[in-house]
Novice: 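Supplied in structure tokens, the structure appears directly below.
Indexing begins at 1, ligand by ligand and atom by atom, following the structure's order. Model, not experiment: these values are computed from the prediction.
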Amino acid sequence: MNPFSTLGIRHDIVNAITELGFENPTPIQEQSIPVLLSGSNDFVGLAQTGTGKTAAFGLPLLELLDFEENYPQALILCPTRELCLQITNDIKNYAKNMKNAQVVAVYGGANISDQLRQIKRGVQIVVATPGRMLDIINRKAIDFTQVQFVVLDEADEMLNMGFQEDIDSILSTTPDDKKTWLFSATMPNEVRRIAKKYMTDPFELTIGTKNTGNVNIEHEYYIVKARDKYAAFKRIVDFNPEIFGIVFCRTKIETQEIAEALMKDGYNADALHGDLSQQQRDKVMKRYRDRSLQLLIATDVAARGIDVNDVTHVINYSLPDEIENYTHRSGRTGRAGKTGISIAIINSKELGKIRHIERTIGKQFTKAEIPTGFDVCEKQLFALVHKVHNVEVNQEQIEQYIPRIMDEFKDLDKEEIIKRFASLEFNRFLEYYAKAPDLNISADDRGFDRSDRAERPMRSGANAGYTRLFMNLGSVDDFTRGDMLGFICNHTRISGKSVGKIDLKGVFTFFEIENSAVNQVLEGFKSVDFQGRSVRIELAGDRDSGGGSRHGSGSYRGGSGGGTRWEGGGGFRGGSSGGGRREGGRSGGGFRDFSGKRRDDRGGGNSGGSRREGGDRRRRI
Ligand code: AMP
């Protein structure tokens with residue numbers, strides 16, 4: 001008998017999940033399905049994403065609801081649009097052999113009328129992010145008075161994102177006797193509190209130990225000098241030619257800078273952070289899912305709910321402030337039974353943080369060595385050899401050229417030809433890494449690290465008499481410096497003379513304001529919208545400080561002010577070196593793209609009035 005049938009799942013559903021490749025229940029499914037199928041318990045499941053928890057609650061819901069009736073009977077709340085769509089899709093797949101199962105996804109950043117129409121047509125299961133759900137409730141467009149089950153998925157994330165009040169309001173519209181099922185990757189006190197508030201005597205299930213990282217994840221740290229951080233990071237990437245990774249930074253600015261630097265260096269990378277519009281984020285996520293991006297550079301908030309399987313590495317370019325976030329970050333790899341590596345690149349002063357994380361997750365980190373230039377060359381060489389060996393030959397197309405090719409090679413024996421093919425790429429690696437220094441520093445080397453200077457914020461230094469401010473709009477929003485000056489003056493009524501240097505970046509801008517006018521500017525922009533987006537002004541010092549590794553403006557390009565050390569010119573992938581650039585790696589599955597994609601060809605790069613944000617987005621920024 002199929003193990004899911006043994007758990008009590010009926011045949012048409014078992015057939016559907018068998019088609020999805022679910023042969024055996026995952027541990028959380030095995031343990032929670034029988035409990036949830038009884039329909040009589042509140043439930044708390046402590047489990048990471050990737051453990052199969054969607055089916056753990058989704059399958060019992062399909063068993064318990066009455067699909068002859070067309071009113072909302074189950075409400076699933078989750079933190080992000082991505083997760084909302086994923087859950088909806090998963091449940092629809094499980095229910096594909098059922099006649100009248102209607103599931104609707106309700107999330108911000110999308111057309112509300114479509115969602116209202118679907119609700120009107122009749123649904124049994126509503127999957128929603130809190131902001132948009134509340135909006136629909138306030139429009140009196142949904143009736144939750146007959147809801148029997150509420151699922152709070154990734155409860156810790158929802159609380160982190162400030163959804164507590166919205167959740168309270170939403171739940172107040174559901175009946176008291178409904179059952180609540182709460183899933184969370186971690187169990188901070190806030191989650192304990194909501195479990196207590198909404199549930200009576202819940203059945204508690206913990207998969208793995210509390211707050212513990214997934215057993216399939218190896219944790220490694222590298223100690224480098226601050227100024228070598230970017231170079232070390234690139235080495236790690238170069239040493240892993242098949243890497244499909246998520247790189248976490250602490251701030252949106254750092255995220256954007258690292259992504260841009262990588263793109264310039266010819267890596268297939270892009271940024272995901274809250275200063276991008278929903279459309280831009282969708283596009284980046286699509287490219288990452290399709291694997292036309294190899295590295296996704298993200299902030300903690302933007303990466304919430306990312307459910308891409310097969311992520312090989314999570315790289316903590318900067319460690320998070322909250323240890324809980326380390327668990328969330330590393331949980332993006334090692335999903336669905338796969339193994340993954342979570343890497344932290346730290347300076348010697350951050351070793352204490354690693355020990356703290358170790359204690360919290362109950363797992364030890366391995367200290368790893370930054371590969372030498374030689375190691376990287378060797379690794380890349382054999383990756384190339386492997387690729388040549390396994391390349392699919394298009395016999396039909398190549399056939400016509402074979403005689404000429406053979407003729408070209410007639411004076412070379414097999415060994416010589418192999419050497420030359422390998423050298424074609426290998427010479428480039430060798431050249432790039434010829435004088436590559438050792439970037440490791442020992443954990444004991446706690447002495448004076450001159451490079452620490454490079455970690456200090458460099459941007460906050462405005463000209464005398466001026467204060468440097470940050471704004472979350474930039475050249476991608478079609479601003480020129482002149483436009484920006486006008487924009488600032490119009491909204492704040494300060495004179496242009498009070499505005500100093502304007503440093504227009506991609507998705508943000510730094511600008512100087514005379515000290516006496518700063519308050520007027522902060523005040524003036526308090527509730528300004530630009531194409532559906534709230535304009536945010538902050539003191540630049542506030543944004544840039546915080547102890548993590550910083551990159552001074554321009555430090556990537558010129559290494560000014562003791563900034564990040566470059567390895568060679570534009571990186572050995574040939575991104576910015578101009579002449580040697582090659583067009584398009586393999587499309588689709590191909591990882592490397594030597595075309596060095598720039599911002600302008602990213603989704604929705606030009607704001608062109610199409611920026612829209614839904615109710616949930618304001619919290620994600
Ligand atoms: P989740 O934690 O629900 O996001 O699930 C993580 C991944 O595991 C998804 O891609 C699911 O399709 C997959 N999955 C869930 N349950 C099973 C199962 N019993 N067997 C195989 N794959 C599963």
Side-chain angles (χ1 to χ4, degrees), residues 1-11 13-37 43-63 74 76-96 103 105 125 127 129 151-158 181-186 205-208 212-217 244 246 285 288-291 303-312 314 327-340:
M1 191 160 160
N2 181 294
F4 283 99
S5 306
T6 317
L7 289 178
I9 304 296
R10 66 169 184 265
H11 279 300
I13 300 177
V14 169
N15 288 343
I17 59 175
T18 306
E19 273 181 44
L20 296 176
F22 294 16
E23 286 170 10
N24 291 298
T26 63
I28 191 164
Q29 291 162 2
E30 194 162 33
Q31 293 173 60
S32 62
I33 289 174
V35 179
L36 297 181
L37 272 181
F43 177 91
V44 174
L46 209 54
Q48 305 276 324
T49 53
T51 50
K53 64 186 166 60
T54 314
F57 63 76
L59 299 179
L61 284 182
L62 293 180
E63 291 289 341
I76 300 164
L77 289 176
C78 61
T80 63
R81 161 199 167 101
E82 286 74 24
L83 189 59
C84 175
L85 286 167
Q86 180 71 37
I87 295 171
T88 309
N89 201 29
D90 285 355
I91 297 183
K92 282 184 178 166
N93 281 333
Y94 311 151
K96 76 175 199 181
V103 192
I125 302 178
V127 187
T129 54
V151 180
L152 302 174
D153 193 19
E154 299 210 353
D156 48 352
E157 293 282 20
M158 287 199 283
W181 303 345
L182 178 148
F183 290 83
S184 193
T186 56
L205 182 63
T206 301
I207 297 296
T212 294
N214 180 329
V215 287
N216 292 332
I217 303 169
F244 179 52
I246 303 180
M285 272 317 294
Y288 187 62
R289 266 182 229 289
D290 292 349
R291 291 187 164 234
R304 276 177 189 151
I306 290 183
D307 54 359
V308 177
N309 288 338
D310 302 332
V311 171
T312 59
V314 162
T327 314
H328 287 300
R329 288 178 174 190
S330 57
R332 302 294 149 207
T333 183
R335 292 168 56 84
K338 308 253 170 53
T339 53

Novice: Which is closest to atom 22 (N) of ligand 1 by heavy-atom distance: Phe57, Phe183, Tyr94, Phe22?
Specialist: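 Comparing heavy atoms across Phe57, Phe183, Tyr94, Phe22, the nearest one to atom 22 (N) of ligand 1 lies in Phe22.
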
Novice: Considering only heavy atoms of Asn24, which atoms of ligand 1 have at least one such atom less than 4.0 Å away?
Specialist: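 With Asn24 as reference, the close atoms of ligand 1 come out as 18 (C), 19 (N), 20 (N).
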
Novice: Strictly distance-based, threshold 3.5 Å: is any side-chain N or O of Gln31 a donor or acceptor partner for the main-chain N or O of Leu205?
Specialist: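 Looks like no, no N/O pair under 3.5 Å.
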
Novice: Of all residues at least two apart in sequence or in a different chain, which pass the side-chain hydrogen bond (donor to acceptor under 3.5 Å, both in side chains) check with Asn2?
Specialist: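 Applying side-chain hydrogen bond (donor to acceptor under 3.5 Å, both in side chains) to Asn2 gives none.
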
Novice: Looking only at distance, does Asn309 have an N or O less than 3.5 Å from an N or O of ligand 1?
Specialist: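 Yes; the residue has a nitrogen or oxygen that sits under 3.5 Å from a nitrogen or oxygen of the ligand.
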
Novice: Within the side chain of Thr129, is there an N or O that forms a donor-acceptor pair under 3.5 Å with the backbone of Arg81?
Specialist: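 No: the side chain of Thr129 does not pair with the backbone of Arg81.
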
Novice: Quick check: closest heavy atoms across Ile33 and Ala55, and the distance to 0.1 Å?
Specialist: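 Shortest heavy-atom contact: CD1-O, 4.4 Å.
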
Novice: Going by the rule salt bridge (charged side-chain N to carboxylate O under 4.0 Å, His left out), which residues pair with Asp156 if we only count those two or more places apart in sequence or in a different chain?
Specialist: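 Salt bridge (charged side-chain N to carboxylate O under 4.0 Å, His left out) check on Asp156 returns nothing, list empty.
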
Novice: In Å and rounded to the nearest 0.5 Å, what is the CD1 to NZ distance from Ile17 to Lys96?
Specialist: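 Nearest 0.5 Å value for the CD1-NZ distance: 12.0 Å.
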
Novice: Which ligand 1 atoms, with their elements, are less than 4.0 angstrom from a heavy-atom of Thr26?
Specialist: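 Taking each heavy atom of Thr26 in turn, ligand 1 has 16 (N), 17 (C), 18 (C), 19 (N) under 4.0 Å.
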
Novice: Ala55 versus ligand 1: do any nitrogen or oxygen atoms come within less than 3.5 Å of each other?
Specialist: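 Ala55 vs ligand 1: no N/O contact under 3.5 Å.
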
Novice: Just heavy atoms, cut-off under 4.0 Å: does Gln29 contact ligand 1 by side chain, backbone, both, or neither?
Specialist: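 For Gln29, only side-chain atoms sit under 4.0 Å from ligand 1.
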
Novice: Strictly by modelled atom types, are Gln86 and Asp90 linked by a side-chain donor-acceptor pair under 3.5 Å?
Specialist: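 Checked: Gln86/Asp90 side chains pair up, N/O donor to acceptor below 3.5 Å.
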
Novice: Using a strict 4.0 Å cut-off to heavy atoms of Thr54, name the atoms of ligand 1 that fall inside it.
Specialist: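 Near Thr54, the atoms of ligand 1 are 1 (P), 3 (O), 4 (O).
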
Novice: For the 3.5 Å polar cut-off, considering only N or O atoms, please tell me whether Glu23 and ligand 1 meet it.
Specialist: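 Min N/O separation from ligand 1 is not below 3.5 Å for Glu23.
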
Novice: How does Phe4 reach ligand 1, if at all, at less than 4.0 Å between non-hydrogen atoms: by side chain, backbone, both, or neither?
Specialist: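 It is the side chain that gets close, since no backbone atom is under 4.0 Å.
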
